[in-house]
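In what follows, a structure is listed as structure tokens, so that the remarks can point back to it.
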Protein chains: 2
Amino acid sequence: MQSRRPAARTGRPRSAAADAAILAATREALVELGWSKLTLSDVATRAGVAKTTLYRRWAGKNELVVDAVAELFDELELPDRGSLAADIEGVVLQFAAILDRPEAKSGLMAVVAESTRDDALRARIRTSIVDRQKRLVMEGRVRAQKRGELPGDNDPAQAARSADLIFDMVAGAVVHRTLVSARPADEAWVRDLTRLLVLGLAGAARAS
Amino acid sequence: MQSRRPAARTGRPRSAAADAAILAATREALVELGWSKLTLSDVATRAGVAKTTLYRRWAGKNELVVDAVAELFDELELPDRGSLAADIEGVVLQFAAILDRPEAKSGLMAVVAESTRDDALRARIRTSIVDRQKRLVMEGRVRAQKRGELPGDNDPAQAARSADLIFDMVAGAVVHRTLVSARPADEAWVRDLTRLLVLGLAGAARAS
DNA sequence: GGAGTTACGCTACGACCCGTAGCGAAAGCG
DNA sequence: CGCTTTCGCTACGGGTCGTAGCGTAACTCC
């Protein structure tokens with residue numbers, strides 16, 4: 001992740017296995033203890049490394065949890081299901097499944113809360129997690145345009161704003177449904193969400 | 001809030017001024033320190049009360065912050081602006097203004113994160129904060145139906161599902177925009193959001 | 001193979017916060 | 001005035017934090 005290491009060819013290299021063990025231990029601790037009761041000492045013990053090793057690689061609890069949670073979103077992808085609605089439903093269900101895991105719930109929201117007072121942390125969240133999802137929105141948009149389901153980008157600025165809006169609405173809705181309303185983002189709910197969204201987009205295209 | 005006190009007529013009554021001072025001190029500490037660095041000892045000092053007084057009234061940091069943040073949402077209301085779109089824009093802008101305050105940002109998301117592992121805390125959040133907003137959605141819906149902008153509830157179960165969906169989409173979008181995307185939920189953005197939503201609802205009404 | 005460099009495990013440390021207990025004083029009520 | 005509850009204060013053991021220091025391990029370059 002923080003591979004800004006131009007040519008550190010000398011000395012003992014850092015153990016990649018330790019990285020993986022630490023991140024896995026962090027997720028395990030998130031499941032068992034939650035954010036507030038998670039301690040770096042405990043994570044170090046679980047991972048089988050010394051506490052000092054942990055502090056050499058991460059600045060603190062926030063950064064560690066961001067990286068640990070970010071790995072969960074690596075599996076997100078956007079298979080072509082033939083229509084805009086089907087594409088949205090597919091990726092939203094994937095996102096909901098990830099967010100339903102306890103380590104994602106407690107970890108992600110906690111670091112987002114902390115990021116309100118830490119710009120560097122927010123940037124880390126954005127590059128490690130958020131942008132990866134936003135890329136899917138852009139892909140889905142281009143696909144829908146090629147299918148003729150959405151109009152082309154005659155105004156690039158407007159298109160970017162629209163993509164940001166859709167992203168905030170979809171991701172925000174899933175998060176709110178899962179964490180605040182505490183009800184499952186299942187297929188029926190996702191279908192309703194998608195229907196409302198696609199109808200809105202179609203209406204916007206027609207009105208403009 | 002926790003006024004489950006049938007008839008405590010005897011003994012020295014609890015100071016209502018202390019309650020207010022503690023909650024105000026909590027919000028002040030949230031602004032200056034954020035969630036993770038907020039300590040109950042510090043809040044007690046700010047409020048001018050003893051630490052033990054704090055523990056007599058709240059079980060812990062989570063419950064205290066929920067009550068402190070909940071007061072911020074008391075000012076939410078839904079003035080009649082003449083149309084569904086205008087009503088939505090008005091209440092969303094209010095919600096966004098509250099959520100833009102630092103004590104709301106850091107406090108609310110932190111307790112939501114903690115609530116993933118604490119059912120009692122989630123219930124407290126729901127009754128103190130969420131349900132108060134949801135009531136506005138219901139009111140706006142009824143108003144729009146009276147104006148003829150939305151169809152009546154021929155299926156009550158479907159209507160409830162729809163209200164839940166709208167609530168999750170709107171509240172989630174504002175939260176995501178403010179906290180994750182870290183961009184202002186200003187009038188232009190709210191207008192785009194409302195437009196998409198109203199078009200989607202109109203399309204759903206037409207399609208059904 | 002030796003020298004240099006970096007990572008690692010381990011221990012120890014002061015600082016801080018937690019949550020509770022005990023005490024005497026204060027503020028209500030009958 | 002007695003009774004009851006709250007309040008401020010002090011003190012406490014227990015836990016976590018983040019860092020420093022040390023000897024050892026791993027790897028590279030000469």
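Numbered from 1 within each chain, the chains take letters A, B, ... in sequence-line order.
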Residue pairs involving residues 101-113 of chain B (criterion side-chain hydrogen bond (donor to acceptor under 3.5 Å, both in side chains); sequence neighbours excluded): R101(B)-E103(B)

Residue list, salt bridge (charged side-chain N to carboxylate O under 4.0 Å, His left out) with R126(B), at least two apart or on another chain: none

Pair listing, ring pair (Phe, Tyr, Trp, His ring centres under 6.0 Å) test, anchored in residues 21-42 of chain B, at least two apart: none

Tell me: CG of L54(A) to P of dC17(D), nearest whole Å? 10 Å

Any residue meeting side chain to side chain donor-acceptor pair (under 3.5 Å) with D119(B), in chain and number order, not counting sequence neighbours: R122(B)

Sort and list the pairs that fulfil salt bridge (charged side-chain N to carboxylate O under 4.0 Å, His left out) and have at least one residue in residues 180-189 of chain A, not counting sequence neighbours. R183(A)-D164(B)

How would you list, by chain and number, every residue that makes a side chain to side chain donor-acceptor pair (under 3.5 Å) with E149(A), sequence neighbours excluded? R147(A)

Tell me which nucleotide among dA12(C), dC9(D), dT6(D) gets nearest to the side chain of T52(B). dC9(D)

Taking only the side-chain nitrogens and oxygens of T53(A), find out if one of them lies under 4.0 Å from OP1 or OP2 of dG9(C). yes

By the 4.0 Å heavy-atom rule, please label S15(A) as base, sugar-phosphate, or nothing. sugar-phosphate

Write out a two-atom table: protein N or O, nucleotide N or O from nucleotides 23-30 of chain D, distance below 3.5 Å.
from, atom 1, to, atom 2, distance (Å)
dA25(D), N3, R12(A), NH1, 3.3
dA26(D), O4', R12(A), NE, 3.3
dC29(D), OP1, R9(A), NE, 2.8

Any salt bridge linking R46(B) with D42(B)? Criterion: basic side-chain nitrogen under 4.0 Å from a carboxylate oxygen. yes

Proximity to DNA chain C (any heavy atom under 4.0 Å), residues of residues 39-48 of chain B only: T39(B), L40(B), S41(B)

Whole angstroms only, please: what is the NZ-C1' distance between K37(B) and dG18(D)? 12 Å

Quick one: R14(A) CZ to dT5(C) P, roughly how many Å, whole number? 18 Å

Find the distance D19(A):CG to dC8(C):P and express it as a whole number of Å. 8 Å

note: L33(A), atom CG; dT16(D), atom C1'; distance rounded to Å ~ 13 Å

Whole angstrom value for the distance that separates P of dG18(D) from CZ of R57(A): 18 Å

Kindly write out the residues that satisfy side chain to side chain donor-acceptor pair (under 3.5 Å) with Q145(B), not counting sequence neighbours, or none if the list is empty. D153(B)

According to salt bridge (charged side-chain N to carboxylate O under 4.0 Å, His left out), who are the partners of R117(A), at least two apart in sequence or on a separate chain? none

5'-most by nearest nucleotide on DNA chain D - L38(A) or R56(A): L38(A)

For K51(B) and dT20(C), what is the distance between atoms NZ and P respectively, to the nearest whole Å? 10 Å

When the distance from OH of Y55(A) to C1' of dT16(D) is rounded to whole Å, what number comes out? 8 Å

Partners meeting side chain to side chain donor-acceptor pair (under 3.5 Å) with D118(A) (sequence neighbours left out): none

Global bending angle along the helix from dG1(C)-dC30(D) to dG30(C)-dC1(D), which compares the axes of five pairs at either end, to 10 degrees: 30°

Using 4.0 Å as the upper bound for N to carboxylate O, is an ion pair formed by R14(B) and D19(B)? no

